[in-house]
Amino acid sequence: MATSRRARTADPAKTRTAVAALVDWLRDDERPAPARTELAEAVRLTARTLAAVAPGSSVEVRVPPFIAVQCIAGPAHRRGNPPNVAETDPRTWLLLASGMLSLGDAVADGRLTLSGSRAGEIGTWLPLIDLDG
């Protein structure tokens with residue numbers, strides 16, 4: 001069964017709800033990790049939100065094992081390894097997406113890798129959601 005494009009786009013209310021369900025774990029990594037399905041949903045929705053608010057294909061954001069999206073207007077990448085990549089783990093991505101961690105701090109401590117001259121531009125679009133408001 002094919003997934004419709006509409007089902008694969010971000011919904012702001014669903015995105016906020018999915019991340020809010022994980023907020024205790026995001027604030028305290030000593031808490032038990034969420035279920036894989038909950039984590040995957042939050043990661044996918046936030047990554048799709050980034051792709052929606054910063055459309056384009058010059059930067060690829062990877063959050064293995066759940067998703068990779070292309071975003072940010074500019075020269076399109078179509079084949080082989082993209083020249084501009086931001087990659088991180090699911091928890092770090094959600095911390096970035098929710099504003100609980102800055103891009104600079106994530107890069108400095110090695111939780112986020114940026115390659116290419118444009119990968120850091122994702123910081124312009126972060127945070128994606130506000131859990132306090």
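Just so it is clear, the model here is predicted, and its values are computed rather than measured.
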Quick check for you: to the nearest 0.5 Å, what is the distance between [X] atom [atom1] and [Y] atom [atom2]?
X	Y	atom1	atom2	answer
L112	T88	CG	OG1	5.0 Å
D24	E30	CG	CD	14.0 Å
I129	T15	CD1	OG1	7.5 Å
R62	T113	CZ	OG1	8.5 Å
N84	I122	CG	CD1	11.0 Å
L39	F66	CG	CZ	4.5 Å

Is there a path of hydrophobic side-chain contacts, each under 4.5 Å between heavy atoms of I/L/V/M/F/W/Y residues, joining L103 to L50? yes
Applying a strict under-4.5 Å side-chain criterion to I, L, V, M, F, W and Y, I'd like to know whether L126 and L131 cluster together. yes
Flag the pair L45 / V19 as yes when at least one side-chain heavy-atom distance between them is below 4.5 Å, and no otherwise. no
What I'd like to find out is whether the side chain of P90 reaches to under 4.5 Å of the side chain of R36, using heavy atoms alone. no
Which atoms form the tightest heavy-atom contact between [X] and [Y], and what is the distance?
X	Y	answer
L22	A42	CD1-CB, 3.6 Å
L114	G120	CD1-CA, 3.8 Å
A119	V59	CA-CG1, 4.0 Å
T46	L128	O-CD1, 3.3 Å
A73	S58	O-OG, 3.5 Å
P32	W25	O-CD1, 3.6 Å

Sequence neighbours excluded, which residues qualify as side chain to side chain donor-acceptor pair (under 3.5 Å) partners of D109? R111
With no hydrogens and no angle check, is any side-chain donor or acceptor of T124 less than 3.5 Å from a backbone partner on E121? yes
R91 side chain vs A33 backbone, donor-acceptor pair below 3.5 Å: no
Qualifying residue for side chain to side chain contact (heavy atoms under 4.5 Å, CB included) with L94, from L101, V23, V43: V43
Identify, with sequence neighbours excluded, every residue that meets side-chain contact (heavy atoms from CB on, under 4.5 Å) alongside A47. I67, V69, W93
